[in-house]
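These notes are about the structure you will find just below.
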Amino acid sequence: MANVINYLKWRGDLSFAESPFNEVDNLILSLVVYSDLKGIVPGTDSDRKITVREAAKKFFEDNDPKMMGKYEYDWVLYYMAKGKRFADVKLSDFLDLNDLTQNMLITAMTIHLPNGIKFVSYRGTGYDIDDWRMDFMISFEEIPAQKEAALYLQKVMQKYSGSFLVGGHSKGGNLALYASMNAPETLMLRIKQIYSNDGPGICSELLDEYKFEAVKGRLTHIVPTFCVVGMLFEPNVRHEIVDSEASGIAQHGGMTWRVEGNRFVRRKHLNENSVIYNSIIDDWIESNTMEQREIFTKDLFDSLKAGGAEKVQDIQDGGMHGFGTILLSAANSESKTKIVFGKFMSTAWHKFSKINFIDTIKSQQGLVSLSLILLGLVFFAIPDRAYAMLGGTVAFAGVIWSGSFLLKSGTRDENIAIKRGRMMFWMVIMCVMVFILANIEQIPKWTNILVSIVFVVLAGTTVKFIVKNRKTMNRIARFWMIVLAIITLNIGVVSFVTPAAVTMGKSITVGSYLVLTGIVRLIIQILEYKKLSIEKGFVYENAED
């Protein structure tokens, strides 16, 4: 499936006269501002302009495309310069302010389309920790970048005549919305469309409803199926949900959005996991005051910096040591931060506690998972006697069970031949169970064989569950269930071919595996149950499959 780069390759030879401006063009212009064009595109104090072709030539003199990753936004500039559609489009008024002492991080650029319309593009969040800090700040104040975005839009609209489009990706979408809302009324009328590509909305406590209503009808809010960023302070407009070739939070990257022709591939639903996360975050934000959010943001990002992190990637690269430093720093933070973090954990637990565990456990697979956990606890608790005790218990229960059916068979009012056959069957079963009890020293060996059979059967039921629910299970759940089935079958086969190898270590291994398998199965089943209940509420009208 194609993305914006394929669009630029395949449709880049079509001029805007042949194919009018569309939503994919919007994303392209919202992503090209990520390229570091400072010193290449003239600044706001200049009346000069530069074409995309000229800007790309200068940019790639110092940036080798061979060193770029698949999803780097610089590819947008690279392929814009190669096609007729964008090569001669002009760029101007490049703004790049980076002043951490003023909590100021903003990059913007004005793009002049051939039909005379100008597209004001705002850059989204980068990888710097301080950039993410400022994203968190929109939960409790109007950040300097928002005010500067509004000032920038006003200046360029006074500088150039005609109609304007305003857009951005991620934080850039938020800046585009804020700047448009706060434009003077005479200028606001010249804004034809606002594009927020997975950008957050405006904090409800700071939202001017009158100003929002003035631009609401011109706001296009595009989000991927796994959407978290774009649902923060969710703007009260229809969301255009688009498909992505990535999974999880990686869908936030606009380069992963699927394109067909001159539009994005639509989807009906938001991803079920992102819905859960959004609900948790929304409830948590609502449960904290503006002051608490401010203190928490300060302490959180001070803790990240204390761990030596300058970029988001540094947190992951730091491993457990980095996280340990962060946690220790956070533990010494203000008590209000601890209260806010406690509220977050409480909110998360409250959301997951709404899952109907009883319904899950009462299902056939739920009973199997619960039985595995209980059986595993037996092996783990008494590893030296588990096989003997389990086998003896099964044999004793078998005697009682077969004896009861033998008595019932003797009292049945049925054909004498059938009655004798039925009684003989249950008598044989009872004799086998008695024989097992009479040979106590052999019970662990026979129990080992029984356990191996149980494991093989369990592997079969797991495969059956996967096949039955293949249309509703997500790929991660299906993958882990397949892994469990393979491991379970392997343990069953090994136990069967080595019936005499009954050791304490083997008991602990089998017990631990049974407990972990049961827990993993329950978690997967609970999440699948939650998924089915959530999907019903997130369908948008006129959406495509």
Side-chain angles (χ1 to χ4, degrees), residues 1-35 51-53 56 70-71 73-91 109 111-122 124 162-170 172-173 176 191-199 217-225 227 230 237-246 251-268 540-545:
M1 183 67 75
N3 60 12
V4 293
I5 299 302
N6 301 114
Y7 171 87
L8 285 168
K9 288 181 178 179
W10 299 340
R11 301 181 65 87
D13 60 333
L14 298 177
S15 68
F16 284 99
E18 296 170 305
S19 178
F21 185 90
N22 59 66
E23 60 183 15
V24 183
D25 294 324
N26 136 68
L27 181 61
I28 290 169
L29 300 186
S30 296
L31 296 182
V32 70
V33 73
Y34 278 96
S35 293
T51 65
V52 168
R53 182 186 289 107
K70 178 180 179 181
Y71 292 119
Y73 293 138
D74 291 338
W75 284 117
V76 174
L77 176 65
Y78 182 85
Y79 283 103
M80 283 177 71
K82 288 184 172 294
K84 178 173 69 173
R85 189 172 184 82
F86 289 104
D88 293 320
V89 165
K90 294 182 179 180
L91 313 175
M109 180 169 63
I111 301 163
H112 302 255
L113 299 175
N115 59 2
I117 295 178
K118 270 68 67 177
F119 188 105
V120 174
S121 178
Y122 294 99
S163 300
F164 277 74
L165 305 174
V166 189
H169 170 258
S170 190
I191 300 174
K192 300 306 178 184
Q193 198 67 31
I194 305 158
Y195 294 95
S196 178
N197 299 285
D198 205 20
R218 288 171 277 175
L219 174 61
T220 299
H221 191 228
I222 304 173
V223 299
T225 54
C227 175
V237 294
R238 172 191 171 88
H239 312 300
E240 301 294 337
I241 304 176
V242 301
D243 195 17
S244 169
E245 61 189 41
Q251 292 190 14
H252 179 60
M255 293 274 283
T256 71
W257 297 359
R258 296 185 188 274
V259 175
E260 187 170 13
N262 62 353
R263 66 194 304 270
F264 297 113
V265 177
R266 294 297 199 277
R267 285 290 176 260
K268 289 183 179 181
Y540 292 88
E541 295 178 1
N542 302 322
E544 299 174 3
D545 288 325

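Values in this document were obtained by computation on a predicted structure and should not be read as measured data.
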Salt bridge (Lys or Arg N to Asp or Glu O under 4.0 Å) between Glu23 and Arg266, intermediate numbers included: CA-CA 12 Å; Glu23 60 183 15; Arg266 294 297 199 277; 2.9 Å; yes
When the ring planes of Tyr34 and Tyr73 are compared, do they come out parallel, tilted or perpendicular, using 30° and 60° as the limits? tilted
Measure up the Phe264 and Trp257 rings against each other and bin them: parallel (under 30°), tilted (30 to 60°), perpendicular (over 60°). perpendicular
Does Arg11 have any salt bridge (Lys or Arg N to Asp or Glu O under 4.0 Å) partners at least two apart in sequence or in another chain, and if so, which? none
Would you please test Asn115 and Phe21 for side-chain contact (heavy atoms from CB on, under 4.5 Å) and show each step? CA-CA 10 Å; Asn115 59 2; Phe21 185 90; 5.6 Å; no
Please report the closest heavy-atom contact between [X] and [Y], naming both atoms and the distance.
| X | Y | answer |
| --- | --- | --- |
| Ile191 | Ile194 | CG2-CG1, 3.9 Å |
| Asn262 | Ser19 | ND2-OG, 4.5 Å |
| Phe119 | Val166 | CZ-C, 4.4 Å |
| Leu31 | Gly254 | CD1-C, 4.3 Å |
| Ala56 | Ala81 | CB-CB, 3.5 Å |

Quick one: are [X] and [Y] in side-chain contact, heavy atoms under 4.5 Å?
| X | Y | value |
| --- | --- | --- |
| Asp198 | Ser170 | no |
| Leu91 | Val52 | yes |
| Leu14 | Lys84 | no |

Starting at [atom1] of [X], measure out to [atom2] of [Y] and round the result to the nearest 0.5 Å.
| X | Y | atom1 | atom2 | value |
| --- | --- | --- | --- | --- |
| Leu8 | Met80 | CG | CE | 7.0 Å |
| Lys268 | Thr225 | NZ | OG1 | 15.0 Å |
| Gln193 | Ser163 | CD | OG | 12.0 Å |

Would you sort out whether Ile222 and Leu27 count as a side-chain contact (heavy atoms from CB on, under 4.5 Å), showing the intermediate values? CA-CA 9 Å; Ile222 304 173; Leu27 181 61; over 6 Å; no
Which residues pass the side-chain hydrogen bond (donor to acceptor under 3.5 Å, both in side chains) test with Arg218, sequence neighbours left out?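 Scan of Arg218 (side-chain hydrogen bond (donor to acceptor under 3.5 Å, both in side chains), adjacent residues dropped) gives none.
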Under a 4.0 Å N-O cut-off, is there an ion pair linking Arg53 with Asp88?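 A salt bridge is present here (some side-chain N lies under 4.0 Å from a carboxylate O).
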Residues Arg238, Glu240: salt bridge by 4.0 Å N-O rule: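 Yes.
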Within the side chain of Arg85, is there an N or O that forms a donor-acceptor pair under 3.5 Å with the backbone of Asp13?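 No; judged by distance alone, with no hydrogens or angles, the pair does not exist.
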Cut-off 3.5 Å, side chains only: do Ser244 and Thr256 have a donor facing an acceptor?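 Yes, Thr256 and Ser244 have a side-chain donor paired with an acceptor closer than 3.5 Å.
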Under 3.5 Å, is there a donor-acceptor pair between the Glu260 and Tyr7 side chains? no
